[in-house]
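Numbers here are sequence positions counted from 1.
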Amino acid sequence: MEKKYKTDNQKITEASYKVSYRIALAVEAHVIGESLIKPCVQDIVSCVLGESYSKQVESVSLSNNTVKKRINDIADDIELELISRLQACNAYALQLDETTDIAGLAILLVFVRYDFDKKKLKKICFYVKV
């Protein structure tokens, strides 16, 4: 059995992607990573594990631009995965709906249902601001 070891740089990049994903899920401003999350994590790590580990946390990039890029990378990957799954399945169903947000902007909701690995029906929802 082959074990894969990650370099420190790979671990730092993975941590940056995971935090960016959570920021996207929480629908928070991208600057929250650098202004709130990173200092909090540094405080926790410093208190629990020690100052040397806290310095490693400092190298995780959570700037506004980095978080934006990471979220876009994740969205692009999800889009490619969805397209490849839809191309591989025999049939799929689309459902469209329109709504507005609190600012009155129109949002197009797209629901996709498809078979995947014949185990269970997958349901994906995504939206596009018009």
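Remark: the Thr66 side chain and the Ser61 side chain contain an N/O donor-acceptor pair separated by less than 3.5 Å. No hydrogens or angles considered: nothing links the side chains of Glu34 and Ser63 as a donor-acceptor pair under 3.5 Å. Side-chain contact, Asp73 with Tyr17: a donor N or O sits under 3.5 Å from an acceptor N or O.
Atom OH of Tyr92 sits in a sparse spot, with 12 or fewer heavy atoms from other residues, nucleotides or ligands closer than 6.0 Å.
Both Val48 and Val45 are members of a single hydrophobic cluster when ILVMFWY side chains are connected at heavy-atom separations under 4.5 Å. Transitive grouping of hydrophobic side chains (ILVMFWY, heavy atoms separated by less than 4.5 Å) brings Val57 and Leu36 into a common cluster. Connection of Leu108 to Leu94 is established within a shared hydrophobic cluster, with ILVMFWY side chains joined at heavy-atom distances below 4.5 Å, either directly or through further cluster members.
Considering all non-hydrogen atoms of both residues, Val67 and Leu62 come closest at CG2-O, 3.6 Å. The two residues Ile12 and Ser59 make their nearest non-hydrogen contact at CD1-OG, 3.0 Å. The shortest heavy-atom contact between Val60 and Lys38 is O-NZ, 2.8 Å. The shortest heavy-atom contact between Lys6 and Lys11 is O-CE, 3.6 Å. In terms of heavy atoms, Asp101 sits closest to Leu105 at OD1-N, 2.8 Å. Minimum interatomic distance between Pro39 and Ser35 (heavy atoms only, all atoms of both residues): CG-O, 3.7 Å.
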Q | Verdict with reasoning, Leu109 to Leu96, per side-chain contact (heavy atoms from CB on, under 4.5 Å) | A | CA-CA 6 Å; Leu109 297 167; Leu96 306 174; over 6 Å; no

Q | Derivation and outcome, side-chain hydrogen bond (donor to acceptor under 3.5 Å, both in side chains), residues Gln42 and Ser54 | A | CA-CA 5 Å; Gln42 284 178 307; Ser54 179; 4.7 Å; no

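The shortest side-chain heavy-atom distance between Thr7 and Gln10 falls under the 4.5 Å cut-off. A 4.5 Å side-chain heavy-atom check between His30 and Ile71 finds at least one atom pair inside the cut-off. Here the side chains of Ile23 and Ile32 are in contact, with some heavy-atom distance below 4.5 Å. Side-chain contact between Val112 and Tyr114: present, with at least one pair of heavy atoms (C-beta onward) separated by less than 4.5 Å. Side-chain contact check for Ile37 versus Val19: some heavy-atom pair is nearer than 4.5 Å. When side chains are defined from C-beta on, Glu58 does not count as touching Val41, because their heavy atoms never get closer than 4.5 Å.
Here the CG-CD distance, from Asp8 to Gln56, works out to 6.0 Å after rounding to the nearest 0.5 Å. In this structure, CD1 in Ile74 is found 8.5 Å from CG in Leu25, a value given to the nearest 0.5 Å. In this structure, Asn72 CG and Asp77 CG are separated by 12.5 Å, a value rounded to the nearest 0.5 Å. Atom OH of Tyr53 is separated from atom NZ of Lys55 by 14.5 Å, given to the nearest 0.5 angstrom. Here the CG-CZ distance, from Asn65 to Arg70, works out to 11.5 Å after rounding to the nearest 0.5 Å. With values rounded to the nearest 0.5 angstrom, Ser20 atom OG is found 13.0 Å from Lys68 atom NZ.
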